[in-house]
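Following: one structure in structure tokens, then a few remarks.
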Protein chains: 2
Amino acid sequence: MAETLSQTALTLRDIAREAGVSLATVDRVLHNRPGVRPDTVLRVKAAIERNSFQPHVAAAELARGRARRFAFVMPSGSNPFMQQIEAYLGEMSAWLSARRLSVEMVTTDVFDPSVLAGTLEALSGDCDGVAVVALDHPSVRAAINDLVDAGTKVVTLVSDVPSARRHHYVGIDNIAAGRTAGALVGRLVGQKSGKVAIVAGSQGLRDHAERIFGFNQVMASEFPGLSVLPVLEGRDEDERSEQVLARLLGRHADIVGLYNVGAGTPGVANALSDAGRDKQVVFVGHDITVLTRRLLLQGVMDAAISQNPGHEARAAVRVLLALARGEPILREQEKIRIDIVMRDNLP
Amino acid sequence: MAETLSQTALTLRDIAREAGVSLATVDRVLHNRPGVRPDTVLRVKAAIERNSFQPHVAAAELARGRARRFAFVMPSGSNPFMQQIEAYLGEMSAWLSARRLSVEMVTTDVFDPSVLAGTLEALSGDCDGVAVVALDHPSVRAAINDLVDAGTKVVTLVSDVPSARRHHYVGIDNIAAGRTAGALVGRLVGQKSGKVAIVAGSQGLRDHAERIFGFNQVMASEFPGLSVLPVLEGRDEDERSEQVLARLLGRHADIVGLYNVGAGTPGVANALSDAGRDKQVVFVGHDITVLTRRLLLQGVMDAAISQNPGHEARAAVRVLLALARGEPILREQEKIRIDIVMRDNLP
DNA sequence: CTCAAAATGAGTTGCGTACCTCAAAACACC
DNA sequence: GGTGTTTTGAGGTACGCAACTCATTTTGAG
């Protein structure tokens with residue numbers, strides 16, 4: 001009926017006594033400092049293991065006594081998703097300062113590899129951790145690796161650089177996100193057959209490319225009645241997205257589904273409603289913003305795939321902190337889910 | 001280009017100097033201890049405010065030096081959702097013990113008000129915080145209020161008791177969850193018209209009743225082509241759910257949608273497949289378990305509404321900890337989202 | 001067996017707060 | 001002006017660990 005999980009009142013002193021060594025030796029083992037014979041190391045580790053000893057984080061943090069500095073490298077410009085991440089970091093300020101953490105926002109042109117790499121290099125040394133919305137490019141990869149080699153903890157945010165030795169990726173599986181979008185469009189269209197349009201920022205962006213890939217996978221295998229039109233590129237800009245989509249809508253009267261892969265949602269929505277087809281076309285897009293929220297409520301958008309920006313911001317900070325402290329990461333907690341948002345479960 | 005959020009290096013000493021008082025007085029103000037003249041209080045608070053001083057949580061925790069005990073009061077029996085919460089708490093054990101927290105699992109018959117109330121009363125005194133899956137009943141409400149009055153922090157989990165003075169509710173908005181289920185069933189059924197069945201544990205359970213309410217709302221207002229059959233009660237048991245649903249399926253050949261409000265999913269799925277109608281009926285249920293995961297992959301279930309049990313467990317612990325420490329709660333972080341899970345975004 | 005190198009013990013200091021005591025000062029009241 | 005009460009100052013101790021020094025012991029190589 002009652003079962004207790006995890007209690008510890010042991011201190012380093014207890015471990016030292018149990019292992020038959022001094023406090024100093026336990027400290028050396030605990031921090032991988034040199035000067036301890038291998039078998040002594042084992043004895044100490046065994047004692048730690050046996051008692052499932054965990055250093056008291058509060059005491060450790062206090063003793064270490066260092067304020068930690070993290071930097072968030074984010075795209076300049078007015079991407080609402082990124083602005084939300086910034087906003088959530090702002091909301092954490094009390095939490096942060098109570099832990100003597102400081103977070104610096106650095107905006108830069110993340111689409112220019114050399115600029116981004118330069119920004120990253122400049123951070124080396126004065127930061128304990130960096131979260132970066134990264135472009136996957138050799139020079140960026142090199143810059144990340146340099147940071148890691150300098151002892152800085154690096155987390156990629158939203159968009160990954162799997163080939164770099166970053167410590168962690170905080171973001172969603174974009175192929176799965178695309179698959180989810182595909183399944184939604186297909187199922188919400190229902191029995192009808194017809195054409196499906198895709199508007200993306202650019203197929204050169206890793207996350208967009210992955211989403212399109214997943215989307216096409218599902219369409220091809222599960223919805224043979226729907227044919228996918230060639231991808232339109234709107235560069236995440238409103239006007240351009242509107243233009244290209246308007247042209248496509250004019251040419252195809254039998255479009256029943258639309259997947260907007262990136263930003264540029266205002267343009268996409270305009271094109272749809274100007275053509276008077278906003279209620280007939282199943283429209284699935286990404287991210288919850290003021291606009292997409294309204295479109296969902298109006299019934300123009302049918303579903304949005306979302307990665308909770310607040311969760312993403314907090315997870316990045318927590319992961320950086322855990323990495324800096326040498327604590328384990330709660331993988332399940334830091335995993336970013338693919339949220340399907342419809343009108344009735346708007347957060 | 002670079003903007004820094006929140007940095008503090010001030011200590012109590014600095015505040016004392018700034019306010020022209022001693023450390024002891026600042027301490028008295030900070031902890032609402034008596035013996036300080038009102039104008040002195042104001043002077044100290046002003047200094048704290050001016051410097052946006054935050055006590056160092058690590059130092060505070062260390063100085064306080066108390067291990068905290070929390071209790072989770074959960075339903076006995078084999079509810080997989082509750083088992084998952086337990087499992088996630090287990091995974092946190094390192095995190096917990098590093099903070100000198102202990103979590104005790106107490107299982108009890110949460111469906112019997114007096115038994116539940118008795119269990120809660122018994123906890124009074126030896127716990128700093130209690131998370132409880134609560135039934136909404138006067139005696140339970142009284143027990144919760146007693147706990148609160150005794151200084152114990154109380155959080156309701158999954159199922160709320162809004163009339164009690166609990167400090168926080170960790171769980172989803174069940175009406176919205178029901179609405180979401182309704183929207184999914186309606187939209188996934190498509191153009192067809194027909195009947196929709198509902199299987200619930202009991203309409204006496206607050207969360208089930210709320211879900212059904214939300215479901216019916218959406219059905220009535222948005223899907224006039226679908227008629228909802230009277231609610232079946234399966235008491236969250238597999239066999240009973242199977243029996244009542246099998247009987248219903250036998251009587252109605254034109255059932256196109258099914259909403260399973262609570263547990264008992266194995267029985268529901270059996271009834272569907274035994275009738276050979278598992279692929280024709282749109283089936284929406286709750287929670288991700290080994291079984292629902294399989295049903296989703298097989299295409300028997302079309303969508304599951306889920307409240308991330310891991311998040312729920314962690315949020316409950318974090319909220320209790322913040323309450324015990326007197327820290328503010330990050331409401332956005334602790335809010336539990338209604339997740340729509342389909343085959344392609346299975347976590 | 002010798003001697004240097006390696007391993008270990010013993011100890012100190014400081015991190016920022018909580019919580020406590022005791023004395024001194026300020027104040028109110030008659 | 002004396003009394004009693006309230007407010008304040010000064011100081012200490014403890015919390016558990018990190019990080020360091022320095023003396024001492026053990027070890028292994030020659």
Side-chain angles (χ1 to χ4, degrees), chain A residues 7-45 47-48 51-68 96-101 128 324-327, chain B residues 7-45 47-48 51-68 96-101 128 324-327:
Chain A
Q7 76 288 44
T8 318
L10 297 181
T11 71
L12 276 187
R13 222 177 289 293
D14 302 307
I15 299 301
R17 186 155 19 82
E18 170 132 357
V21 298
S22 73
L23 261 174
T25 302
V26 179
D27 183 69
R28 290 181 185 113
V29 171
L30 221 47
H31 300 91
N32 302 310
R33 281 189 256 275
V36 186
R37 231 181 309 143
D39 60 301
T40 311
V41 172
L42 286 181
R43 223 167 62 235
V44 173
K45 285 196 170 165
I48 291 175
N51 300 285
S52 58
F53 168 79
Q54 291 273 125
H56 191 315
V57 284
E61 197 58 20
L62 185 57
R64 197 174 288 114
R66 238 175 64 240
R68 302 187 186 278
L96 290 169
S97 70
R99 287 160 182 76
R100 300 303 183 262
L101 304 175
D128 301 281
R325 285 181 177 169
E327 288 181 51
Chain B
Q7 75 288 43
T8 319
L10 295 182
T11 73
L12 274 188
R13 220 167 235 85
D14 301 307
I15 299 300
R17 187 156 17 84
E18 169 131 358
V21 298
S22 73
L23 260 174
T25 302
V26 179
D27 182 70
R28 289 179 185 116
V29 172
L30 221 46
H31 299 90
N32 303 310
R33 278 189 258 276
V36 185
R37 233 181 304 143
D39 61 301
T40 312
V41 172
L42 286 180
R43 222 166 65 235
V44 173
K45 285 197 170 166
I48 290 176
N51 300 286
S52 57
F53 168 79
Q54 292 271 126
H56 191 316
V57 283
E61 199 57 20
L62 183 57
R64 197 172 288 116
R66 235 174 69 239
R68 301 186 188 280
L96 290 168
S97 69
R99 286 160 184 75
R100 299 303 182 264
L101 304 175
D128 302 281
R325 285 181 177 169
E327 288 181 50

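Order of the sequence lines fixes the chain letters, A, B, ..., with proteins taken first and strands second; residue numbering starts at 1 for each chain.
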Report yes if at least one side-chain N or O of [X] is closer than 4.0 Å to OP1 or OP2 of [N]; otherwise report no.
{"X": "B:T40", "N": "D:dT8", "value": "yes"}
{"X": "B:R37", "N": "D:dT6", "value": "no"}
{"X": "B:T25", "N": "D:dT7", "value": "no"}

Open item on the list: Distance check needed: D:dG16 P versus A:I15 CD1, whole Å only.
Closed with: 13 Å
TODO: Specify the separation, in whole Å, of atom CG of B:D39 and atom C1' of C:dC27.
DONE: 12 Å
Task: CZ/A:R13: more than 12 non-hydrogen atoms of other groups inside 6.0 Å - done: no
Task: Exercise: identify the closest heavy-atom pair between A:A19 and A:V44 - done: CB-CA, 4.1 Å
Open item on the list: As an exercise, state the distance from CG of A:L12 to OG1 of A:T25, rounded to the nearest 0.5 Å.
Closed with: 11.5 Å
- [ ] Can you measure from CD (B:E61) to CG (B:L101) and round to the nearest 0.5 angstrom?
- [x] 7.5 Å
TODO: For each nucleotide in nucleotides 14-22 of chain C, reading 5' to 3', give B when a protein heavy atom comes within less than 4.0 Å of its base, S when such contact involves only the sugar-phosphate, and - otherwise.
DONE: BBBBSB---
Open item on the list: Please check: side-chain N/O of B:R99 versus main-chain N/O of B:L96, any donor-acceptor pairing under 3.5 Å?
Closed with: no
Task: Watson-Crick or G-U wobble mate for D:dT7, both contacts under 3.5 Å - done: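 Pairing partner, where one exists within any strand: C:dA24.
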- [ ] Could you give me the CA-CA distance, side-chain angles and deciding distance for A:I15 and A:E18, then say whether side chain to side chain contact (heavy atoms under 4.5 Å, CB included) is met?
- [x] CA-CA 5 Å; A:I15 299 301; A:E18 170 132 357; 5.6 Å; no
